[in-house]
Structures are given as C-alpha cells and as structure tokens.
Amino acid sequence: MRKNVFKILFMVFVIGWMGMIFYFSHQTGVQSSSMSSKITNKILHLFISSYDDLPLNEQTEIFKNASFVIRKLAHYFEYAILGLLLFFAIYNFTNKRGIVFSLSIGIGVLYAISDEVHQSFIGGRAPMVLDVFIDSCGVLTMLLCIEIFLTIKNSVKKR
C-alpha cells in the first residue's frame, strides 16, 4: 500500500514539474524576457550593492551577461530537479539501477528536446541546441550525484 502511494506521489511530482517547465516554455519571448529581467535585476542588486551607481554602459553589460548566465542556470537546475524526480518515480517501479538511470536520462533528454520543439511554436521564442545540452547536463549531473551518493551509502553499509 505504502509503495503504491509513493509511486503515485512521485509520478504526480514528475508530471507537475514537467507541467511547470511547459508553462515557462509556453510564455512568449516578451513574457519570458520580462520575468528573467526582474529576476536578474533582483539578483544583481542583491550581490552588487552599488549597481545603480555604476555608469549606464557598465550596468547594461553586467545585466546582459548576468541575464544570460541566470537563464542558463535556470535551465540547468530545472532539469536537475526533473532528473531527481524521474529517478525516484522510476525507482518506485523497479530498483534495478541501470534501468532507473537509463530511463531517467532518456525521458529527461527527450523532454528537453520536446521543450525546445515546443518553443519553436511560441512567438518570440526559438529552439536552441545549447539549451537541450544544458538541460541534459542538469539531468545527468543530478543522476551522477545520486549514483555517487548510493555508492558511498552502500559501501558504508557493507562495513
């Protein structure tokens, strides 16, 4: 009974997280840029207290570079979380790590590709191979961290 609850719960988490990714990808270029600009602005003011005192050309350059990095980090971390959720969801169906990791990677990468294809139909958005690569790295990095954690946990347990 408890195992079935976890199966359903993690599947709901995966579907919910994929829905959130879909929602963000469904925003127009203007909506996406507006949200990213607000977040970038808050982060810049948090880390650079004298940001408003800088010359306008420096502010513009810093903002442009920070915005790019923040947007790519958002891609990375949203897919790292997807990788974690996929791992737990699939692990509840089979505890064969090879299958769990393979399916988690496959589903994560396919969703990253479908996300970029989806964006090609949204005004002001375009698919980017770089984003698929970053998204896939997020999934892979999380799964690598899980593998390292499980390996250490199992070696400590054997002692």
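All residue numbers refer to positions in the sequence shown, counting from 1.
- Separation of atoms NZ (Lys96) and CZ (Phe101) is listed at 15.5 Å; rounding is to 0.5 Å.
- A distance-only check finds no donor-acceptor pair linking the side chain of Glu116 to the backbone of Val129 [under 3.5 Å].
- Nearest heavy atom pair, residue Ala66 against residue Leu44, reads CB-CD2, 3.8 Å.
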### Message
Applying side chain to side chain contact (heavy atoms under 4.5 Å, CB included) to Trp17 and Leu86, what does each step give before you reach the verdict?
### Response
CA-CA 10 Å; Trp17 195 257; Leu86 283 167; over 6 Å; no
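- Applying the 6.0 Å contact sphere to NE2 of His26 captures no more than 12 heavy atoms from other residues, nucleotides or ligands.
- Side-chain atoms of Ser50 never come within 3.5 Å of backbone atoms of Asp53 as a donor-acceptor pair (strictly under, hydrogens ignored).
- To the nearest 0.5 Å, the span separating CD1 on Ile134 from CE on Met128 amounts to 7.5 Å.
- Both Met20 and Ile113 belong to a single network of hydrophobic side chains, linked directly or stepwise wherever heavy atoms of I, L, V, M, F, W or Y lie under 4.5 Å apart.
- The two residues Ser102 and Gly98 make their nearest non-hydrogen contact at OG-O, 2.8 Å.
- Gly83 and Leu143 make their closest contact through O-CD2, 3.8 Å (heavy atoms, listed as atom of the first residue, atom of the second, distance).
- Rounded to the nearest 0.5 Å, atoms CD (Gln31) and CZ (Arg125) are 9.0 Å apart.
- Side-chain atoms of Glu147 and Thr151 form a donor-acceptor pair, as typed in the model, at a separation below 3.5 Å.
- Heavy-atom minimum distance, Lys7 versus Asn92: CE-O, 2.9 Å.
- Across Ile99, Ile90, Leu84, a single residue satisfies side chain to side chain contact (heavy atoms under 4.5 Å, CB included) together with Ser104, and that is Ile90.
- Formation of a donor-acceptor pair under 3.5 Å by the Tyr51 side chain with backbone atoms of Gln59 is found in this model.
- Under the 4.5 Å side-chain contact rule for hydrophobic residues, Phe6 and Leu85 share a cluster.
- Within a 6.0 Å radius of OH in Tyr91, other residues, nucleotides and ligands contribute 12 heavy atoms or fewer.
- Counting only distance, with no hydrogens or angles, the side chain of Ser114 and the backbone of Tyr111 share a donor-acceptor pair below 3.5 Å.
- Between the side chain of Gln119 and the backbone N or O of Pro127 there is no donor-acceptor pair closer than 3.5 Å.
- No path of Ile, Leu, Val, Met, Phe, Trp and Tyr side chains, each step under 4.5 Å between heavy atoms, connects Leu73 with Phe47, placing them in separate hydrophobic clusters.
- Residues Val139 and Tyr76 do not share a hydrophobic cluster, clusters being chains of Ile/Leu/Val/Met/Phe/Trp/Tyr side chains in contact below 4.5 Å.
- From Thr60, atom OG1 reaches atom CG of Asn65 across 11.0 Å, with rounding to the nearest 0.5 Å.
- Side-chain atoms of Ser67 never come within 3.5 Å of backbone atoms of Lys64 as a donor-acceptor pair (strictly under, hydrogens ignored).
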### Glu61 vs Asn57, side chain to side chain contact (heavy atoms under 4.5 Å, CB included): CA-CA, chis, key distance, verdict
CA-CA 6 Å; Glu61 187 66 23; Asn57 63 331; over 6 Å; no
### Task
Could you go through the side chain to side chain contact (heavy atoms under 4.5 Å, CB included) check for Met142 and Leu82 one step at a time?
CA-CA 9 Å; Met142 180 57 76; Leu82 179 60; over 6 Å; no
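- A donor-acceptor contact shorter than 3.5 Å is absent between the side chain of Ser33 and the backbone of Val30.
- In this structure, Asn154 contributes its side chain and Leu150 its backbone to a donor-acceptor pair below 3.5 Å.
- Remark: Ile122 CD1 to Ser32 OG distance equals 11.0 Å, nearest 0.5 Å.
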### Task
Just do the side chain to side chain contact (heavy atoms under 4.5 Å, CB included) check on Tyr79 and Cys137 with the steps written out, would you?
CA-CA 8 Å; Tyr79 276 85; Cys137 285; over 6 Å; no
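- Phe68 CZ: 12 or fewer foreign heavy atoms inside a 6.0 Å radius.
- In this structure, Ile107 is a member of the same hydrophobic cluster as Leu9, with clusters built from ILVMFWY side-chain heavy atoms closer than 4.5 Å.
- Once rounded to the nearest 0.5 Å, the distance linking CG of Asp115 with CZ of Phe24 reads 11.5 Å.
- For the pair His118 and Ser25, the tightest heavy-atom approach, listed with the atom from each and the gap, is ND1-CB, 3.5 Å.
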